[in-house]
S.K.: 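Below: one structure in structure tokens.
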Amino acid sequence: MPAVTIRNLSDETHRALRVRAAHHGRSTEAEIRDIIEAAVRPHERVKLGSLLTAIGRDAELSDSDIETLQKSRGKTPVEPMTFE
């Protein structure tokens, strides 16, 4: 696991983090992890599976349409591209 050191954090900020962590019933370190996680990985992001499902619904694909598409797919694994 990577580790991060935060230097020059003011006493006021550190105290506020400790209070916030106590309010949430966790350590200061866990609170900081939660804050960073929320900042860089927002819950509103669109996930690929959800997006593909929405596209299928918008296209009004039926179960038989999906089955036909599955049958027409090639069964041979595709070779990865090389850039050499």
S.K.: Please tell me if the side chains of Leu9 and Leu17 come closer than 4.5 Å, counting only heavy atoms from C-beta onward.
M.R.: yes
S.K.: Rest of the hydrophobic cluster containing Met81 (Ile/Leu/Val/Met/Phe/Trp/Tyr, side-chain heavy atoms under 4.5 Å)?
M.R.: Phe83
S.K.: Test side-chain contact (heavy atoms from CB on, under 4.5 Å) on Glu67 and Gln70; report intermediate values, then the result.
M.R.: CA-CA 5 Å; Glu67 188 176 316; Gln70 290 290 344; 5.7 Å; no
S.K.: On a heavy-atom basis, which atom in Ser27 and which in Ala21 lie closest, and how many Å separate them?
M.R.: O-CB, 3.5 Å
S.K.: Would you tabulate the side-chain donor-acceptor contacts of residues 30-38 under 3.5 Å, counting partners in other chains and residues two or more places apart, or write 'none'?
M.R.:
unit_1, atom_1, unit_2, atom_2, d
Glu31, OE1, His24, ND1, 3.1
Glu31, OE1, Arg26, NE, 2.6
Glu31, OE1, Arg26, NH2, 3.2
Glu31, OE2, Arg20, NE, 2.6
Glu31, OE2, His24, ND1, 3.1
Arg33, NH1, Glu29, OE2, 2.9
Asp34, OD2, Arg26, NH2, 3.2
Glu37, OE2, Arg41, NH1, 3.0

S.K.: Do Thr68 side-chain atoms and Ser64 backbone N/O form a donor-acceptor pair below 3.5 Å?
M.R.: yes
S.K.: Would you say the side-chain atoms of Thr13 and Ser10 include a donor-acceptor pair closer than 3.5 Å?
M.R.: yes
